[in-house]
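First up is the structure itself, then whatever we jot down about it.
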Amino acid sequence: MALLEVTGLHRVFKSRGHEVRALDGVDVTVAKGRTLAVVGESGSGKSTLGSIVAGLQPPSAGELRFDGTPLDVRRLRGPERRRIQMVFQSPLQSLNARYRVESTLTEPLRLLAGLDRRQASARVDELLAAVHLPAELRHRRPGELSGGQQQRVAIARALAADPDLIVLDEPTSGLDQSIRGRIVTLLRELQAERGLSYIFITHDIAVARACAHEVVVMQRGQIVERGGLEVLDAPQHPYTRTLLAAVPGMDPAAGRRRRASAAPDPSAALDPEPAPLEQDLEPEASSHNPHTEES
Amino acid sequence: MSATRPAAETTRRDVPLLAIEGLGVVAEATGAPILTDVSLEVAPGEIVGLVGESGSGKSMTSFATMGILPRGVRQTAGRFTVDGEDVTDVRDRSVSSRFAMIFQNPRDSLNPLMRVGDQIARIAALHQGMSRAQARAEAVSMLERVHIPDGERAARAYPHQLSGGMCQRVMIAMALACRPRLLIADEPTTALDVTVQARILDLVVELTEETGCGVLLVTHDLGVVAETCDRLNVLYRGDLVESGPVDRVLAAPRHEYTRYLLESANELEDTDGAA
């Protein structure tokens, strides 16, 4: 059964006198206990989709239904605010640097799960255990933790609210490869234990392959391909194929083959359209940030 | 293209372009070692990978080589030679030895207030003693050399008007304007999308073949190394634990840590997905 249904989602940014369609008619559904991987490159709109679902920015148009009822993401309150949580790419930036782990975790326990101070404090150890962190870490601040530990704390903070859906926006991208695997394993384990649903936003195809039940591939605000894992194994859309072909593997011969087969100008050969001089479709990366302009 | 590379392999061993011997770097405050006895070589036309996880000291190796170690960090040992000539003194390997470096965040490395053409021209004037007009023309030609379609137009752009991949091309154009013998590329594609990454790496390989410069490619991504490098060095907590030809190291790693890195990189490939 669908936990989240998104239909006809649009998000338009007005930037330097013209419109940028970050989301241009996106439909997705996320089933209970399942993972929807959203893959695509910078500017494809995947993060915008995630932040709208998490209530961090309003859509320009479109409908969201959560657990059978319409979801007004402009004013998330009560249970929906608790039931949809988010984990970001950079834990160091998303955790409060001045809070000890304990305070980071008790805040949602008190505000969203409605526990009193003593109950919340007791739950902290359980949450740390759930993400395989030693209980002693509750007294540390984010700066005293490794990148992998920080991301575990960020996941524990999302769990503190006892959510049904977690939007994971590139949760493994800033981590070393050895840590990346462990975080993916943890997320799968938590899903199995708690029946969580995930929207897993990633540009890392290996991570998508390891986590996803369903996959959507986004390009320029639209979904160009969708399906099960076969999307990543036997892609139909040319863009998905380009994306998959570009992922470096462990085979030294692969790079030589690609270069040998590429047309003289690799930038022209790999991009269906000429390389843009102005890449406006990059709200996340641009220093000129349309998100802040509108809010 | 690839056919020219094995040929270079037979000649390159005799004269290393860059040799680092016994490099040691410590944190000044605590005296804690950051790099211990690191030695490596780059031959002309060769792309050498330097791999390790966060904190392994790979960026410190490239900073020490460029002579741009950050404050609070000190080189305590080590000898640098370029073409057999001792350049251990940082002043000897500044402009004349023609080292160029590109970084992970190209947009942060460019001056946001200056048109990119002017930034490249300034480097060309400095390193090649060109006049203003010559340097301008050089900038446009370097931009086209890195496959930016309309060099004239791109030269007039400011960094914020360009995508991340375009900014990295501009950085490479700027590096080329030094006529470098050695290019140090420190995580040059980590901040870029995979399709853009593939193009930038192909560009680096192509320019290495054309100009015969050597490249020290610093990365945490073994896939990137596999596809571009001739040889590979693995750093673990400031120690060089393994080095050798890429094909050999990936196929038959000798050090435990290299095996661990390879397993981590392949770990996700082996899972069957959640379904």
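Lettering of chains follows the sequences in order, A, B, ..., and the numbering in each one begins at 1.
- Residue contact with chain A, scored on non-hydrogen atoms closer than 4.5 Å, involves the side chain of B:Leu262 exclusively.
- For A:Arg241, the CZ atom is densely surrounded, since the number of other residues' heavy atoms within 6.0 Å is greater than 12.
- The structure places CG of B:Leu261 at 8.0 Å from CD of A:Gln177, a figure rounded to the nearest 0.5 Å.
- Once rounded to the nearest 0.5 Å, the distance linking OG of B:Ser264 with CZ of A:Arg182 reads 7.0 Å.
- For the ring pair (Phe, Tyr, Trp, His ring centres under 6.0 Å) test, residues two or more places apart in sequence or in another chain that qualify with B:Tyr236 are B:Tyr257.
- The 12-atom threshold is not exceeded at CD of B:Glu256, counting heavy atoms of other residues, nucleotides or ligands nearer than 6.0 Å.
- For chain A, the nearby part of B:Leu250 is the side chain; its heavy atoms alone come within less than 4.5 Å.
- Applying the 6.0 Å contact sphere to CD of B:Glu210 captures more than 12 heavy atoms from other residues, nucleotides or ligands.
- No other option in B:Val194, B:Leu222, B:Val196 has as many heavy-atom pairs under 4.5 Å with chain A as B:Val194.
- By the 4.5 Å heavy-atom criterion applied to side chains, A:Pro252 and B:Glu227 are not counted as neighbours.
- The main-chain N or O of A:Ser42 is found under 3.5 Å from a side-chain atom of B:Asp193 such that the two form a donor-acceptor pair.
- Heavy atoms closer than 4.5 Å to chain A are found in both the backbone and the side chain of B:Glu53.
- Once rounded to the nearest 0.5 Å, the distance linking CG of A:Asp176 with CG of B:Asp221 reads 11.0 Å.
- Environment of CD in A:Glu144: crowded, with over 12 heavy atoms of neighbouring residues, nucleotides or ligands closer than 6.0 Å.
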